Amino acid sequence: MYDWLNALPKAELHLHLEGSLEPELLFALAERNKIALPWNDVEALRSAYAFNNLQEFLDLYYAGADVLRTEQDFYDLTWAYLLKCKAQNVIHTEPFFDPQTHTDRGIPFEVVLRGIKQALVDGEKQLGISHGLILSFLRHLSEEEAFKTFEQAMPFRDAFIAVGLDSSEMGHPPRKFQRVFDKARSEGLLTVAHAGEEGPPEYIWEALDLLKIKRIDHGVRAIEDERLMQRIIDEQIPLTVCPLSNTKLCVFDDMRQHNILQMLERGVKVTVNSDDPAYFGGYVTENFAALHESLGMTKEQATRLAQNSLDARLV
Ligand code: HPA
Ligand code: ZN
């Protein structure tokens with residue numbers, strides 16, 4: 001089944017490039033940039049990958065990103081991810097990057113963007129993988145800081161297809177970013193947002209009504225609100241679901257409790273994605289495989305999930 005799932009043509013619509021930083025590359029970049037790490041070796045770092053919630057993960061994810069310093073580092077990070085895509089027949093990807101994670105450490109916006117974008121362009125040419133890049137704002141930071149990041153991005157407007165919203169969800173509702181999302185849309189950018197991962201269904205309503213999002217990232221808590229479920233079914237609003245992420249961050253205690261197939265059978269446009277594969281134990285195929293193993297996902301269901309991902313592309 002793994003090989004069959006691997007061979008399915010698919011799109012990945014929820015992937016944080018910083019979350020694809022494998023421990024081996026993290027150590028190699030630390031050495032290249034002469035950065036001392038708090039972990040002795042790759043195994044010690046990997047064994048720190050045990051989380052009780054989103055915040056515990058984010059603390060380690062931001063610490064890991066500190067080894068990314070030069071344009072070449074961002075290129076190497078993105079290229080390594082694209083090679084995984086190639087190996088798993090991901091024919092199109094719409095990755096996120098978090099510029100504030102880097103600009104707040106003194107790395108210029110254009111250093112980050114140039115490295116990522118060059119790898120994505122080479123990936124189109126050399127690997128045949130098409131892409132659309134999404135600039136994600138960190139929601140634990142202020143509206144003012146999001147505006148500042150947006151202004152830094154505008155000289156490179158054509159490098160992006162959309163803006164997104166990630167980081168600590170609880171206490172940072174989508175309405176906090178209504179004005180910066182309005183501004184992004186006025187520049188012709190599309191919008192997406194993480195909502196309903198740890199946060200309540202109300203955050204999904206806000207993301208739809210105030211941020212005018214085209215896709216809901218995660219959105220698994222929509223199932224708690226029947227009126228919301230009806231809306232996302234009627235309007236066929238895609239959900240970018242990340243099964244391994246949800247179990248690693250204890251959104252569901254066990255994969256057998258995951259609601260993705262229940263949603264699929266109710267007619268929700270759900271897709272399968274890897275979120276932060278270096279931290280959560282696998283790329284897209286591993287996420288599909290986990291659904292087969294724990295929930296008995298059939299080939300027919302996998303085919304529909306993969307087709308949904310191709311249909312839910314923004315570009
Ligand atoms: N949720 C919120 N922020 C994130 C995530 C996530 O799953 N991954 C990386 N940043
Ligand atoms: Zn995410």
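Because only heavy atoms are used, hydrogens play no part in the values below, and waters and symmetry mates are left out as well, while side chains stay in. Remember, it's 1-based here, ligands and their atoms both numbered in the order they're listed. Just so it is clear, the structure is predicted and the values come from calculations on it, not from any experiment.
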Discussion item. Taking salt bridge (Lys or Arg N to Asp or Glu O under 4.0 Å) as the criterion, tell me which of K183, K176, R179 meets it with E143.
Written reply: R179
Worksheet entry | Angle, NE2 of H16 through the Zn ion (ligand 2) to OD1 of D275 - 10° precision |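 Rounded to 10°, it measures 90°.
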Look at the N, O or S atoms of [X], main chain and side chain alike, and state whether any lies under 2.8 Å from the Zn ion (ligand 2).
X: C242; answer: no
X: D217; answer: no
X: H14; answer: yes

Quick one: nearest non-hydrogen protein atom to [atom], plus distance?
atom: atom 8 (N) of ligand 1; result: D276 OD2, 2.7 Å
atom: atom 7 (O) of ligand 1; result: D275 OD2, 2.7 Å
atom: atom 1 (N) of ligand 1; result: E197 OE1, 2.8 Å
atom: atom 5 (C) of ligand 1; result: H16 NE2, 3.5 Å

Worksheet item: Polar-atom distance check: S167 versus ligand 1, any N or O pair below 3.5 Å?
Response: yes
Worksheet entry | Pair Y279 + H16: ring centers closer than 6.0 Å |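 Distance test on ring centres: not under 6.0 Å, no.
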Discussion item. Can you tell me which portion of L249 lies within the under-4.0 Å heavy-atom range of ligand 1? Options are side chain, backbone, both, or neither.
Written reply: neither
Worksheet item: Within a radius of less than 6.0 Å around CZ of R157, do more than 12 heavy atoms belonging to other residues, nucleotides or ligands occur?
Response: yes
Worksheet item: Do other residues, nucleotides or ligands put more than 12 heavy atoms under 6.0 Å from E31 CD?
Response: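 Open.
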Worksheet item: Under a 4.0 Å N-O cut-off, is there an ion pair linking K212 with D209?
Response: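 Salt bridge flag = no for D209 with K212.
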Worksheet entry | Sidechain N-carboxylate O distance under 4.0 Å for K269, E235 |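 Between E235 and K269 there is no salt bridge, as every charged N stays at least 4.0 Å from the carboxylate O atoms.
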Discussion item. Need the ligand 1 atom indices (1-based, order shown) with element for anything under 4.0 Å from a heavy-atom of H218.
Written reply: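 Under 4.0 Å from H218, ligand 1 has these atoms: 6 (C), 7 (O).
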